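In the text below, chain A, chain B and the rest are named by the order of the sequence lines, each starting its count at 1. Owing to the predicted nature of the structure, the values given are computational and were not obtained by experimental measurement.
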Amino acid sequence: MLQALFIEENKEKVIEGLKKRYFLEIEGMLSIIKKILYLLDDKRRIQLKRDAFFFSFNKISRQINKLIQIGKNEKAIALYDKYNNLKKDLIYRKTILSSVSKELLKNLLSIPNIPHEYIKKGYSSKYNEIIYNHGKINLSTIKKLSHWEFSKKMELINCELGAKISGSGFTIYKGKVARLHRAMIEYFIEYNLQGGYIEYAVPFLVRPVAIIATGQIPDKEKQMYYLEKDNLYLISTGEIPLMNCYREIILKESQLPIKITAYTPCFRREAGSYGANVRGLNRLHQFDKVEIIQITTPDFSYYALQEMVQHVKNILISLNLPFRLLRLCGGDMGFTSAITYDFEIYSYTQNQWLEVSSISNCTNFQSNRLKLRYKKTNRGKTQICHSLNGSSIAVQRILAVLLENSQTSKSIEIPETLIPYTGFKEILFSSYQI
RNA sequence: GGAGAGUUGCCGGAGUGGUUAACGGGAUAGUUUGCUAAACUAUUUACGGGUAGCCGUAACGUGGGUUCGGUUCCCACACUCUCCGCCA
């Protein structure tokens, strides 16, 4: 959530930023900005009057008390008879202030974060900038199977069985692929621990208040699974429980930066998705991800962002996968983000890039919703923290591309770095009846 | 699922229809001291006004109600804990 005061002081900057997202094109969003400024002004005037009114009212109440204590009851009665009729005014001022405040908050919650100055205008992924390429894409002469063709022959990934149990978009992994899946999670977490992140294990079901705080409501509500009976949402990312560990907290500056990692499954409804993009493991209703987050001071957050990008880059290099780094354009970024970098890896067999990590600096936008603040040691003033989140990494996307790109005529070769975690070097086709 | 107890500031924790929410702890600032410690004083959340010293208002789970005045009384809701039952 942006601060109303910030919008007031940086109106042009805010509008410019929202244009980069093509946000103002959505049904009269410009009028929301105007409304916020009007409401803020209104709120100030109302509060000023109310405070003055309450001041005199409180004074009278105290006078009445004094009169009663010294036994001058008649005078007291005269006073409260006189001021009894002001009560309506009191209630009126109280309710009007709270309704204006609520209205202001409601409007503020609907405005996304302002993009960083680097961010280019654009309404879709077409306008994302490629920052960096790594690894050669060599189209081998061996005819490789896509991971879903592979899974039909090998029985090691069974989408049909997943569908039988839970519907399409759910998958069963067996044998060495199940082990590889688990090994990746362990490797990613271990890598993050080496990078100074503390491991958390967290709940996968959360309250509405938690997803409002991290910003999935109102932006991504349709994407979330909701358990009506218990009023709980299934998490769509580990960011939700991790960031909510720090909801309504005042930290000391010396505690920052906070670096956390956690493995969680992620649940997404993906309503309306169809076609080749959703085949096999490409888009699932339940997938696995190891997440990293950082909570920092405002000065430090862009440094932390670079550090996180570098960290994920090194993981991908260690897996020997061809990848590229993108900076998302305004229209493709998430609601809470000021700047987002995506890592995509290349699948030879699918002939397409697949997103495996998305790293965002949410600046103070998310922390403001979370009421996550810190206090400088040499000054009394509390300030809003900056928060960052990133995937490190999405498990199934890596799995899919590993199965495809590492195919030889006989087997799938496990990358060196994963072998200590899998306990085997290859998955032989012969043993699984290709 | 059944029964009961609770929710107070940065943290712990008392409490009452009435000045300023006791007391303790932490943190920060200032004073004193050769340093540290100790001691003393002040501050501690949100919003608004003022260049500033400062001033005002709100805040005892949330929302209503009674009252000149509610942290306290009444109503509704949310959440937390304990015990019983069930259970990995």
Side-chain angles (χ1 to χ4, degrees), chain A residues 1-9 36-109 201 203-213 217 227-233 241 244-256 258 295 297 364 367-385:
Chain A
M1 182 171 67
L2 296 176
Q3 292 170 289
L5 223 69
F6 176 84
I7 297 177
E8 188 178 51
E9 283 167 8
I36 284 170
L37 295 176
Y38 173 77
L39 286 169
L40 178 64
D41 205 43
D42 212 25
K43 189 187 158 193
R44 241 181 238 139
R45 272 185 284 121
I46 291 166
Q47 185 173 346
L48 209 61
K49 280 187 195 164
R50 186 205 63 161
D51 285 358
F53 186 85
F54 273 41
F55 178 52
S56 49
F57 202 88
N58 290 346
K59 228 153 83 178
I60 292 155
S61 283
R62 271 178 244 137
Q63 268 174 23
I64 290 169
N65 180 35
K66 272 181 195 164
L67 290 171
I68 291 169
Q69 279 185 351
I70 58 173
K72 297 191 172 175
N73 287 357
E74 314 82 46
K75 279 195 176 176
I77 288 162
L79 255 184
Y80 62 62
D81 276 352
K82 193 174 167 187
Y83 287 98
N84 201 9
N85 57 358
L86 289 180
K87 236 182 85 183
K88 272 182 195 163
D89 205 0
L90 198 86
I91 290 165
Y92 169 74
R93 284 170 197 277
K94 211 157 118 184
T95 43
I96 199 158
L97 183 68
S98 86
S99 76
V100 167
S101 302
K102 268 183 201 161
E103 187 70 10
L104 182 62
L105 184 67
K106 196 183 118 195
N107 282 288
L108 282 171
L109 283 173
F204 308 147
L205 301 178
V206 297
R207 293 196 174 138
V209 63
I211 62 171
I212 292 168
I217 282 181
L227 304 177
E228 204 170 341
K229 218 171 177 178
D230 300 283
N231 194 24
L232 290 169
Y233 288 86
N244 271 279
C245 290
Y246 287 87
R247 178 158 48 89
E248 286 161 46
I249 294 277
I250 300 176
L251 296 161
K252 291 175 207 156
E253 191 178 15
S254 58
Q255 291 176 277
L256 300 172
I258 287 170
I295 298 165
T297 59
N364 66 12
S367 299
N368 194 27
R369 283 179 171 235
L370 284 160
K371 295 196 179 77
L372 167 54
R373 292 154 293 169
Y374 76 99
K375 202 171 232 186
K376 282 204 171 190
T377 44
N378 53 355
R379 280 189 217 164
K381 189 71 185 160
T382 51
Q383 295 192 48
I384 303 169
C385 294

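- Taking the C1' atoms as reference points, B/rC87 lies 24 Å from B/rC79, given to the whole Å.
- Residue contacts shown for A/R373 are limited to sugar-phosphate atoms, with no base heavy atom under 4.0 Å away.
- Across all strands shown, B/rG70 has no partner, as no Watson-Crick or G-U wobble contact with both distances under 3.5 Å is found.
- Across B/rA21 and B/rG15, the matching C1' atoms stand 8 Å from one another, rounded to whole Å.
- With rounding to whole Å, A/I250 atom CD1 is found 15 Å from B/rU28 atom P.
- A/R207 comes within contact range of the sugar-phosphate backbone alone, with a heavy-atom separation under 4.0 Å but no base atom that close.
- Checked by atom type and distance alone, the side chain of A/R369 pairs as donor or acceptor with a backbone atom of A/I212 at under 3.5 Å.
- When the side-chain nitrogen and oxygen atoms of A/R50 are compared with OP1 and OP2 of B/rG48, none of them lie within a distance under 4.0 Å.
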If you restrict it to nitrogen or oxygen atoms, what contacts under 3.5 Å exist between nucleotides 16-18 of chain B and the protein, and what is each distance?
| from | atom 1 | to | atom 2 | distance (Å) |
| --- | --- | --- | --- | --- |
| B/rG18 | O2' | A/N65 | OD1 | 3.3 |
| B/rG18 | O2' | A/N65 | ND2 | 2.6 |
| B/rG18 | N2 | A/S61 | O | 2.9 |

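- Pair assignment for B/rC83 gives B/rG2, based on Watson-Crick or G-U wobble hydrogen-bonding distances that are each under 3.5 Å.
- Using Watson-Crick or G-U wobble geometry with both donor-acceptor distances under 3.5 Å, B/rU57 finds its partner in B/rA46.
- For A/L48, the side-chain atoms get nearest to B/rG49 when compared with the rest of B/rG49, B/rU57, B/rG69.
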